[in-house]
Amino acid sequence: MSIQENIEAIRARMAQAARAAGRDGGEILLVGASKMNDAAACRAAVAAGIDALGENRVQELLEKYGQGAYEGVPLHFIGHLQRNKVRQIIGKVDLIHSVSSLELLTEIDRQAEKHGLTQPVLLEVNIGREESKSGFLPEELFDAARAARDFSHVSVQGIMAIPPVEQEKHGNLPYFQEVARLYIDISHQLYHNGFKYLSMGMSDDFEDAIAAGANMVRVGSAIFGARNYQK
Ligand SMILES: *Cc1c(COP(=O)(O)O)cnc(C)c1O
């Protein structure tokens with residue numbers, strides 16, 4: 001299967017999941033998680049109509065950016081972001097999904113101000129309370145979202161979550177539902193219902209994420225094929 005065929009198949013499954021949930025599939029954005037795939041693969045995804053591409057590592061993003069990998073679509077940063085690398089991506093990325101601390105947000109705000117722009121971001125919630133993952137704990141999220149309103153060069157546009165690896169089919173549905181409740185409540189209570197993006201769902205579980213209300217899914221291996229970690 002080509003990247004184009006994979007994207008078409010995923011779009012069809014997204015539309016089906018949206019219909020099943022009584023939603024309009026046209027409102028759900030497909031972000032290609034392109035880590036470990038080269039610039040040519042990224043361009044193939046762009047040609048096939050992907051809505052955005054998302055990268056996890058700053059170094060890899062900069063290399064592929066220089067090769068024109070992302071031309072024609074918004075570029076997102078979806079991985080763990082170190083504070084000392086923020087300045088390398090501000091001005092290049094359209095959305096940062098993975099804001100996991102107020103210290104990181106402070107640095108994004110500072111660098112965005114230097115560039116004379118307002119950086120759209122999402123707050124990441126560690127919905128499974130996993131040691132190995134970053135993100136705000138669910139009970140910290142309200143306070144973080146409240147504090148984030150005071151930064152003048154970031155625009156908080158929603159929530160992102162990566163639930164634990166599924167132990168069984170549909171195992172993440174309760175997590176997705178919990179994230180969706182937080183998204184709705186925080187948007188309503190703190191952001192005048194202004195949130196735009198609920199980013200959750202990957203290759204193995206994007207249909208459940210859509211059932212719970214996701215409007216942005218991040219899909220990697222189902223588009224680009226299995227990643228080769230040996231290379
Ligand atoms: C790699 C990655 C994805 C996509 O994972 P797949 O299982 O390959 O679809 C989504 N989100 C983040 C943050 C990722 O790092």
Side-chain angles (χ1 to χ4, degrees), residues 1-14 17 28-38 41-42 44-45 48 50-61 64 69-70 73-82 85 89 93-101 104 120-128 130-136 157-173 175-176 179-180 183 197-212 214-231:
M1 292 275 272
S2 68
I3 286 172
Q4 177 173 349
E5 287 167 323
N6 288 340
I7 288 176
E8 282 167 10
I10 290 161
R11 291 269 193 210
R13 287 169 57 193
M14 287 170 63
I28 304 168
L29 297 174
L30 176 59
V31 179
S34 46
K35 58 175 174 278
M36 301 178 73
N37 288 281
D38 63 13
C42 292
I50 199 94
D51 294 311
L53 287 167
E55 289 291 346
N56 286 67
R57 293 183 187 282
V58 170
Q59 187 60 38
E60 183 179 344
L61 179 150
K64 284 150 68 176
Y70 315 116
V73 292
L75 174 58
H76 294 182
F77 193 82
I78 63 177
H80 180 65
L81 182 56
Q82 289 170 280
K85 302 217 167 135
I89 63 168
V93 295
D94 298 282
L95 181 66
I96 299 173
H97 288 229
S98 41
V99 171
S100 53
S101 71
L104 177 59
V121 303
L122 308 179
L123 301 180
E124 179 175 355
V125 57
N126 184 355
I127 199 65
E130 295 173 281
E131 288 283 348
S132 59
K133 290 218 175 94
S134 40
F136 296 98
Q157 305 198 334
I159 305 292
M160 179 269 225
I162 311 172
V165 174
E166 269 186 343
Q167 300 306 321
E168 53 183 10
K169 196 85 189 123
H170 307 303
N172 279 337
L173 190 54
Y175 289 116
F176 290 139
V179 178
Y183 173 85
Y197 303 123
L198 175 52
S199 167
M200 56 188 190
M202 318 202 301
S203 292
D204 289 336
D205 57 16
F206 67 84
E207 285 143 317
D208 286 337
I210 289 170
N215 60 14
M216 188 175 264
V217 296
R218 309 175 309 269
V219 178
S221 48
I223 293 175
F224 298 105
R227 288 178 290 274
N228 181 356
Y229 288 94
Q230 252 66 283
K231 265 199 312 205

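Heads up: numbering here begins at 1 and tracks the sequence. Read the numbers this way: they start at 1 and go in the same order the structure lists the ligands and their atoms. The structure presented is a predicted model; accordingly, all values stated were derived computationally and were not measured.
In this structure a side-chain-to-backbone donor-acceptor pair under 3.5 Å is present from Asn172 to Pro164. A donor-acceptor pair under 3.5 Å is absent between the side-chain atoms of Arg227 and the main chain of Lys35, judged by distance alone. In this structure a side-chain-to-backbone donor-acceptor pair under 3.5 Å is missing from Asn56 to Ile78. With Glu60 contributing its side chain and Met36 its backbone, the two residues share a donor-acceptor pair below 3.5 Å. Using modelled atom types, one side-chain atom of Lys64 and one backbone atom of Asn37 make a donor-acceptor pair closer than 3.5 Å. A distance-only check finds a donor-acceptor pair linking the side chain of Asp94 to the backbone of Leu75 [under 3.5 Å].
In this structure Ser132 satisfies the side-chain contact (heavy atoms from CB on, under 4.5 Å) test together with Glu130, sequence neighbours excluded.
With a 4.0 Å heavy-atom cut-off, ligand 1 is reached by the side chain of Ala33 but not by its N, CA, C or O. At a heavy-atom distance under 4.0 Å, no atom of Asp204 approaches ligand 1. Looking at Asn56 against ligand 1, only its side chain comes within 4.0 Å, counting heavy atoms. Residue His97 does not touch ligand 1, judged by heavy-atom distances below 4.0 Å.
Looking from atom 10 (C) of ligand 1 to the surrounding protein, the closest heavy atom is Met202 SD, 3.1 Å. Protein heavy atom closest to atom 11 (N) of ligand 1, with residue, atom name and distance, is Arg218 NE, 2.9 Å. Looking from atom 13 (C) of ligand 1 to the surrounding protein, the closest heavy atom is Ile78 O, 3.4 Å.
The residue among Ala222, Ala161, Gly79, Ser203 with a heavy atom at the shortest distance from atom 9 (O) of ligand 1 is Ser203.
Listed by number with element, the atoms of ligand 1 under 4.0 Å from a non-hydrogen atom of Ile162 are 13 (C). Of all atoms in ligand 1, listed by their number and element, those nearer than 4.0 Å to a heavy atom of Lys35 are 1 (C), 2 (C), 3 (C), 14 (C), 15 (O). Close approach of ligand 1 to Val219 is summarised as follows: ligand atoms under 4.0 Å from at least one heavy atom of the residue are 9 (O).
To the nearest 0.5 Å, the span separating CG on Leu29 from CE on Met14 amounts to 7.5 Å.
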